[in-house]
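Read through the structure below, which is laid out as structure tokens, and then see the notes.
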Number of protein chains: 2
Amino acid sequence: LSIAFINGEFVDVNQRVLPIDERGHQFGDGVYEVVKVYHSTPFLLNEHLQRLQNSAENIQIKLPYSLQEIEAIILQGIEKSGLADAEVYFQITRGIAPRNHLFPDVPPSFTMTIKPSRVVPQKSYEEGVSTILVEDDRWAKCYIKSLNLLPNILAKQLAASNGHFEAIMVKDGYVTEGTSSNVFAVKAGCLYTTPLTSNILPGITRAAILKLAEKKGIPFVEENFTSTFLLEADEVFMTSTSVEVLPVRLVDGNLIGTGNPGEVTKTIHEALKELYRVKV
Amino acid sequence: LSIAFINGEFVDVNQRVLPIDERGHQFGDGVYEVVKVYHSTPFLLNEHLQRLQNSAENIQIKLPYSLQEIEAIILQGIEKSGLADAEVYFQITRGIAPRNHLFPDVPPSFTMTIKPSRVVPQKSYEEGVSTILVEDDRWAKCYIKSLNLLPNILAKQLAASNGHFEAIMVKDGYVTEGTSSNVFAVKAGCLYTTPLTSNILPGITRAAILKLAEKKGIPFVEENFTSTFLLEADEVFMTSTSVEVLPVRLVDGNLIGTGNPGEVTKTIHEALKELYRVKV
């Protein structure tokens, strides 16, 4: 059962709970997280909560709950939903107040939905997905997981409308990230991913994978690389909470490596799966 | 009486009319306009409606109403509100749908509020306001009047927190615009304003003022100018639907000209006022 929550109350997902004058609705003035639930357990929850706190601080929103309280709300929600595998979406906005650019003196709003996980077809993992390169036209603070997602939406839709799964963004010739994923390349056995600067979101799955690479003895570097480097990589994959580790078969129509998911990609994905499997 | 409207129905401004899964609330996925009402008549309404249509087209939202229908809704709302001087705020989002980056197959939402006009103190017009310069860190498509307003909010709040009225944004050394206004400088009797590129919003008041300058025989150029040029200008003013023509006294603590509102600024503001005065 899908379920929603707003400011202390569990509600139906479709319930009308927000007025027009709401900071998310009118300004995208808020931050959010998506957490995946496997076997009734939220995966890497502490990491997501910590990032939420960082995002909120970066736009000067004071969390209306402690991280412990948010964790308790999430766990209660998962139980209420009865879902074993789910996606928890939660966002904090600067609250409900008459429209004005300036910060209002009102409490921030916390909203959450818990729904069955969206499933990426098994075929996509077996064959890899098609992607396109697009110019990264976002603002300067992409390290903040904010609700200002219009550039991401437009790029993702452009990809989908042309039959691709994701758009990979390129800034000044260098790959930044996907519209809702981080990007990894494998070249001569070494893993490459864009370093954490203000240009990309510090992905939770990205961080988990770097730890796993270290553990597995897979060499890696966090280093900017060009779109040409990406096209010439042996393997490319994208990572996110939702897709986990998804092999990329095509970039702008160019076959990556043999076209089939590579060994490093498969090893990394299996290692990630182990993390939530052992949690049961 | 403040009044609100959503998808065909007039409602109380505070009524909860939106669910959590709404594209404005979760992505800032929409566009908006603010129209000022003087003497029960919306000012420059056609220009605002045309810009709304352009903004919506630029992010591929199909307007749920024709411009004529929107005009009728606005006029009906003004009458219902009983307000002679008001601000009409209206926005279109991509609608209500389960959260997913991709465009949903649902009708877009039209929401509107009509409220008494916010008043800029007379003193601000008589003495000019204080502003600061900030780095323009917005995305690449600032010509779209979208709901992704987080950078604007943060810059405006930074200004206000330090006692200033507005933040003027600077990109690569050149003045773009204010967080919710366009910027004009006067030097040796000539009016300067940033040209219409993807870097700035095509302000309705900005356009009206250029027409008035032409009519009044005030020379003007649409040309990029540096922040140094701005500081050394004889007069600086900002324009918007809300503030009309507001003299700038200080930029980063530097007195502009004599510090008092200049003759060109006053002439232009009077000419603008004539436009809505004669409409009565």
Side-chain angles (χ1 to χ4, degrees), chain A residues 2 4-6 11-30 32 34 59-60 87 89 91 93-94 96 98-103 111-113 115 118 135-141 144 146-157 160-161 179-180 198, chain B residues 2 4-6 11-30 32 34 59-60 87 89 91 93-94 96 98-103 111-113 115 118 135-141 144 146-157 160-161 179-180 198:
Chain A
S2 293
F5 178 93
I6 175 167
V11 295
D12 186 88
V13 172
N14 300 312
Q15 197 170 318
R16 309 285 167 130
V17 290
L18 306 165
I20 293 169
D21 273 351
E22 196 275 334
R23 303 283 298 192
H25 182 239
Q26 295 182 324
F27 297 112
D29 186 12
Y32 75 104
V34 181
I59 67 166
Q60 301 159 63
E87 261 178 37
Y89 173 86
Q91 75 173 52
T93 74
R94 213 177 299 275
I96 293 166
R99 187 180 185 281
N100 185 326
H101 282 58
L102 298 179
F103 295 177
T111 54
M112 174 176 78
T113 63
K115 301 177 187 175
R118 286 171 294 175
E135 188 64 26
D136 191 341
D137 61 5
R138 299 174 300 162
W139 73 320
K141 295 179 180 168
I144 302 172
S146 90
L147 302 174
N148 272 216
L149 290 170
L150 192 50
N152 306 61
I153 285 172
L154 295 176
K156 184 94 155 193
Q157 182 64 39
S161 298
T179 68
S180 62
S198 57
Chain B
S2 293
F5 178 93
I6 175 166
V11 296
D12 185 89
V13 172
N14 300 311
Q15 196 170 320
R16 309 284 167 132
V17 291
L18 307 164
I20 293 170
D21 273 352
E22 196 275 335
R23 303 284 296 190
H25 182 238
Q26 295 183 322
F27 298 111
D29 187 12
Y32 75 104
V34 181
I59 66 167
Q60 300 159 63
E87 263 178 37
Y89 173 85
Q91 73 174 53
T93 74
R94 213 177 300 275
I96 293 166
R99 187 181 184 279
N100 185 326
H101 281 57
L102 298 179
F103 295 176
T111 53
M112 173 177 78
T113 63
K115 301 177 187 175
R118 287 172 293 177
E135 188 63 26
D136 190 341
D137 60 4
R138 298 174 301 162
W139 73 321
K141 294 177 180 168
I144 302 172
S146 90
L147 302 175
N148 273 215
L149 290 172
L150 192 48
N152 305 61
I153 284 172
L154 295 177
K156 185 95 154 191
Q157 182 65 40
S161 298
T179 68
S180 61
S198 57

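First the proteins, then the strands, lettered A, B, ... as listed; each starts at 1. The figures that follow rest on heavy atoms only: side chains count, while hydrogens, waters and symmetry mates do not.
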What part of [X] lies closer than 4.5 angstrom to a heavy atom of chain A: side chain, backbone, both or neither?
X     : value
B:I96 : side chain
B:Q15 : backbone
B:Y89 : side chain

Tell me which of these, [options], has more heavy-atom pairs under 4.5 Å with chain A than the rest.
options                       : answer
B:I6, B:V11, B:T111           : B:T111
B:Q60, B:K115, B:K141         : B:K115
B:G28, B:S161, B:P151, B:S146 : B:P151

Pair count under 4.5 Å, heavy atoms only, with chain B: among A:E135, A:H101, A:K156, A:M112, highest is A:H101
Is it the side chain or the backbone of [X] that comes within 4.5 Å of chain B heavy atoms, both, or neither?
X      : answer
A:E22  : side chain
A:F27  : both
A:V34  : side chain
A:R138 : backbone
A:F103 : both

Using atom types as modelled and distance alone, determine if a side-chain donor or acceptor of [X] lies under 3.5 Å from a backbone N or O of [Y].
X      : Y      : result
B:N148 : A:L150 : yes
B:R23  : A:H25  : no
A:N152 : A:T179 : yes

Does a salt bridge link B:D21 with B:R99, judged by any charged N lying under 4.0 Å from a carboxylate O?
-> no
Using 0.5 Å steps for rounding, measure from the [atom1] atom of [X] to the [atom2] atom of [Y].
X      : Y      : atom1 : atom2 : answer
B:T93  : B:I59  : OG1   : CD1   : 9.0 Å
A:R16  : B:I20  : CZ    : CD1   : 12.0 Å
A:N100 : B:R118 : CG    : CZ    : 5.0 Å

Residue list, side chain to side chain contact (heavy atoms under 4.5 Å, CB included) with B:N14, at least two apart or on another chain | B:D12
